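Here is the structure we will look at.
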Amino acid sequence: MLWSQNASPLRSQNLCFVVCISLLSGVLSSLPELSDKSCTFKVTLRNFRVILSWEVKNHSIVPDHYTLQYTVISRPDGVKTVEHCSNITASFCDLTDVWEVLPETYAVTVDGFRGNTTLVTCFVDFFLAAYISLEPPEFDIVNFIDHINVNVNFPPVLPKILEELLQFHLSLIIEEQSGEIVKKHNPVLDENVIGNFTYVIDKLLPNTNYCVSIYFMPRNLEAIRRSPVKCTLLQPARDTGSSESARIGGIITMFLIAAVFISTIIILKRVGYICLRNDFPKVLNFNNLSAWVFPEMPPLEAVAFVEVIHINRKKKVWNYNYNDESDSNDEATAPLTSTGGYTKHGLLSGLPGPTSASSATGQDCLEPDTEEPNLSELEAESLMAPEPSPRLGKLLQDRFSEDGSSTEEAGDKIIFNVNLSSVFVSTLDDDSDIPPVLPSFPEETYDLEDSHTLEPSFLASGGEGTQPPFPTPSAECPCPEDVLSDKNDNSESDVDIGDGYIMR
Amino acid sequence: MTSRCILQTALLVYFSTTVLAMNYNLLRFQLSSSSVECQELLLQLNGTSKDCLKDRMNFKIPEEIQKSQQFQKEDIVLVTLEMFQKTSDIFRRNLSSTGWNESIVENLLATLHWQKEHLEEILEDIMQEENFTWDHRTLLHLKRYYLRIVRYLKAKEYSVCAWTIVQAEILKSFFFLDKLTDSLPN
C-alpha cells in the first residue's frame with residue numbers, strides 16, 4: 001500500500017493538544033506506576049501487539065512459571081484465565097487477541113510458581129487506554145535520488161483493539177531530519193491499513209544525508225517513544241539531466257528578473273517618478289549670471305509714430321439751391337473739387353438744426369461747427385461709409401423736398417463719390433492754430449487761411465513703420481450709433497491722442 | 001433602503017456563522033483539553049479494585065455514546081454539557097470514605113465547572129440563532145445512565161469500593177466523550 005505524501009504537518013488539533021495541555025497540567029505522563037507491593041507491570045503496544053509484562057520486585061523470589069488471569073471492572077464478569085499465558089516461563093503475555101476493548105479497566109492477577117508453590121501473587125487494575133505504552137513500529141527505508149520510501153509492516157489482519165487504537169487513539173508520525181531541519185509527516189491511518197505500506201518522502205535534495213524516525217503519538221499525550229533513527233545518503237543527481245535543466249532554469253530566472261527590473265526602471269522614468277528632466281527653458285536658466293543681471297532687452301516692437309496734423313481748411317459747401325436768385329446767409333458755398341479732393345456737401349437753409357444725437361456726435365467727430373451742424377452729420381456719415389448710407393440718402397432727399405429745390409425722384413439714391421485715400425478724421429487740438437503738416441496728396445488743395453473752419457485732420461504717418469493714412473476701425477470716428485451717448489459732451493476729453501492714435 | 005437592509009442582514013448571518021464555526025473549532029480543542037485533564041485527575045485518585053470485584057455493576061452507558069453515531073454539532077454540545085454537569089454532580093457527593101486527595105478532587109470539580117460554564121454559553125448562542133430539533137432520546141438515555149450511577153452510590157452507601165467502581169465508569173465515559181468531541185465538524 002503506497003501512501004502519497006504532501007509533507008502534511010501535524011493536525012492542528014494535535015498541535016494544539018501539545019501546546020495547551022502542556023501549559024495546563026505540565027507533564028501529563030506523570031501517571032502512577034502500574035504495580036502492587038510485589039510486582040511492577042507494564043502494558044505495551046509492540047509491533048502492533050498488546051503485551052503485558054511484569055517483574056517481581058523482590059529479586060530473590062524467582063518463579064519458574066507464571067499464570068495470568070484477568071477480568072473487567074465495568075461488568076460483573078468472572079475472572080478469566082488466559083490459556084496461552086498459563087504456566088509460562090516468560091514474564092510477559094500477548095493479550096492482543098484477548099483484550100478487545102480499549103476503554104476498559106482491566107484487573108489482572110499474575111501468580112508466580114515454583115513447582116506447585118505459589119511464590120508470589122501480583123494484582124493490578126488499570127485503564128488500558130491510559131496506560132498502554134506505544135512502542136514505534138519497525139520500518140525500513142529505501143533511498144532514491146530525490147525521495148525516500150519508508151516501509152512500515154502492518155499486520156495482515158488488524159486486531160480489533162488495534163483498529164480502535166489506530167482509528168482514534170494514536171497517530172503515526174514520520175520525522176525527516178537533514179542537518180538542523182526536522183520535518184514531520186503524519187500519514188492518515190484508518191482501520192483498513194494492513195500489510196506493508198510505504199510512505200514516500202519526496203522533494204528531497206540529491207546527494208544529501210537524511211535521517212528518518214517514526215513513532216506513535218497518543219491522543220492523551222503520554223510519553224512519546226521514538227524509534228531508532230535510520231539515516232541514508234541520497235544518490236547524486238545525474239549531471240546531464242537535472243543539473244543542466246537546473247542551469248537552464250537558473251538562466252531563465254535571472255533573465256526574467258533582469259527584464260522585470262529594467263522594465264520597472266523604464267516605466268518609472270517615463271512616468272516621471274525618477275530621473276526628472278532638468279533641461280529647463282532658457283529663461284529659467286540662471287547659470288549665466290551676466291544674462292541674469294543684465295537681461296537682454298526684449299526686441300522692440302514695431303512702432304509707428306503718428307503725428308496728428310490739424311488742417312484748417314475752408315469748407316467746400318455744395319449748394320443744392322439751384323435758384324440763382326436766392327442768396328441765403330445760411331448757405332455756404334464751396335467749390336466742388338474734383339475727384340480726389342475733399343468735397344463737402346452743404347445743406348439748404350431752413351433745414352432743421354441738429355436734433356438727433358447722431359448729428360451732434362457727428363460734430364464731435366469732425367470738429368464742432370455750429371454753422372453747419374447738419375452738414376457735419378452728413379460728413380461723418382459720408383466719411384465713415386464709402387457708400388452712402390440709406391439714412392444719408394433719405395435725409396438729403398427729405399431736405400431737398402422741403403426746400404422745393406430740385407430733387408430727384410423719391411427713392412432715388414444719392415451717391416457720393418468718396419475717395420477713401422482722402423478720408424480724414426478730425427481731432428480736437430489745443431494748438432489748432434498751428435497748421436498741420438500735410439502728407440503728400442497732390443490732388444487735394446487746402447485753404448489754410450480760414451481758421452474758423454477746421455478741416456478734419458488726418459493722420460500722418462511718420463517715424464518708423466508705416467500707417468495707413470486713413471483711420472482704422474479702432475480709431476475713430478465713432479459710428480453714429482456709437483456717439484449717441486456723447487451728444488452733449490463736446491469737451492476735449494473725448495479725444496485721446498495718446499500713443500499717436502486718436503481715440504474717443 | 002431595502003437593499004442596504006438585506007446587505008446588513010446577509011453580513012450579520014455570514015459573520016455569525018463564521019464566528020460559530022470558529023467557536024466549534026475552539027470548542028473541540030477546549031473539550032479535548034478538559035477531557036484529558038479530567039482523566040489525568042481521575043487516574044491520580046488512588047485506590048484498588050482488588051477487594052471490590054463483588055461490587056461491580058454494569059451501568060450500561062448509552063449505545064449512542066459508545067458507538068459515537070453521527071450527531072449534529074448542536075447535539076454534541078448538549079450531550080457533552082450533560083456529561084460534564086452530571087459528573088460534577090456525582091463528585092460533589094460524599095467522598096469521605098475514599099481517602100482521596102482533596103486538592104485533586106477540587107481540581108477535578110473546577111475543571112468540570114469551567115467546561116460546563118463554557119458549554120452553557122455556547123448552548124445559549126445556539127438556541128438564539130438556530131432552529132433545530134434536539135435529540136431528546138439520547139439525552140434521556142444519558143440522564144438515566146447517570147441516575148443509575150447515583151442510585152448505586154446511594155445503595156452502596158458511598159463505600160470506597162462503590163467509589164472505585166464509579167471512578168472506573170467515569171473514566172470510561174470520558175473516553176467516549178473524547179470520541180464525540182473529535183467528531184465535531186471543522
Side-chain angles (χ1 to χ4, degrees), chain A residues 11-38 69-79 101-109 121-131 164-165 167-169 171 218-222, chain B residues 24-61 65-66 68 104 107-108 110-111 114 161 164-184 186:
Chain A
R11 288 179 297 178
S12 60
Q13 56 188 17
N14 289 337
L15 187 59
C16 290
F17 258 130
V18 175
V19 173
C20 184
I21 298 302
S22 300
L23 292 173
L24 282 175
S25 48
V27 179
L28 299 180
S29 60
S30 59
L31 292 175
E33 191 180 35
L34 288 177
S35 64
D36 65 353
K37 60 183 179 180
S38 303
Q69 296 174 318
Y70 80 97
T71 187
V72 295
I73 300 299
S74 63
R75 295 187 303 273
D77 294 345
V79 177
V101 180
L102 182 63
E104 183 62 79
T105 299
Y106 293 93
V108 175
T109 303
T121 300
C122 305
F123 176 87
V124 69
D125 56 2
F126 56 91
F127 189 64
L128 180 61
Y131 280 93
E164 197 162 12
L165 271 170
Q167 180 184 2
F168 174 71
H169 191 65
S171 53
R219 180 181 178 84
N220 56 0
L221 297 179
E222 290 184 353
Chain B
Y24 282 121
N25 288 333
L26 182 61
L27 177 63
R28 184 196 301 111
F29 169 71
Q30 289 177 342
L31 286 174
S32 296
S33 305
S34 300
S35 175
V36 169
E37 185 173 0
C38 290
Q39 292 180 62
E40 295 287 340
L41 291 170
L42 285 170
L43 290 169
Q44 292 178 19
L45 298 174
N46 56 356
T48 178
S49 60
K50 185 175 182 181
D51 300 323
C52 303
L53 296 181
K54 63 183 183 315
D55 295 321
R56 290 176 294 171
M57 180 178 174
N58 187 359
F59 298 102
K60 299 179 182 178
I61 193 168
I65 305 298
Q66 286 191 70
S68 299
I104 296 175
N107 291 339
L108 175 64
T111 304
W114 179 87
C161 284
T164 301
I165 301 303
V166 168
Q167 176 193 5
E169 189 65 28
I170 297 299
L171 265 173
K172 186 177 180 180
S173 68
F174 272 106
F175 182 88
F176 293 118
L177 187 146
D178 282 347
K179 295 185 74 175
L180 269 178
T181 303
D182 199 57
S183 64
L184 275 172
N186 291 324

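Model, not experiment: these values are computed from the prediction. To find a chain, count down the sequence lines: A is the first, B the second, and so on, and within it residues start at 1.
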If one checks every heavy atom of Thr105(A) against chain B at 4.5 Å, the contacting part turns out to be side chain
Cut-off 4.5 Å, heavy atoms of chain B, and the answer for Val124(A) is neither
Side-chain donor-acceptor pair present, Glu169(B), Ser173(B), cut-off under 3.5 Å: no
Under 4.5 Å to a heavy atom of chain A? For Phe174(B) that would be neither
Bottom line for Leu41(B): the part with an atom under 4.5 Å from chain A's heavy atoms is neither
Arg56(B) and Val72(A) have their tightest heavy-atom pair at NH1-O, 2.8 Å
- Should the heavy atoms of other residues, nucleotides or ligands under 6.0 Å from NZ of Lys54(B) be counted, would the total exceed 12? yes
In this structure, SG of Cys122(A) is separated from CG of Leu34(A) (nearest 0.5 Å) by 12.5 Å
Should the pair Tyr131(A) and Phe126(A) be assigned to parallel (<30°), tilted (30 to 60°) or perpendicular (>60°) ring geometry? perpendicular
Most contact-rich option vs chain A, by heavy-atom pairs under 4.5 angstrom, among Asn46(B), Thr48(B), Ile165(B), Thr111(B), is Thr48(B)
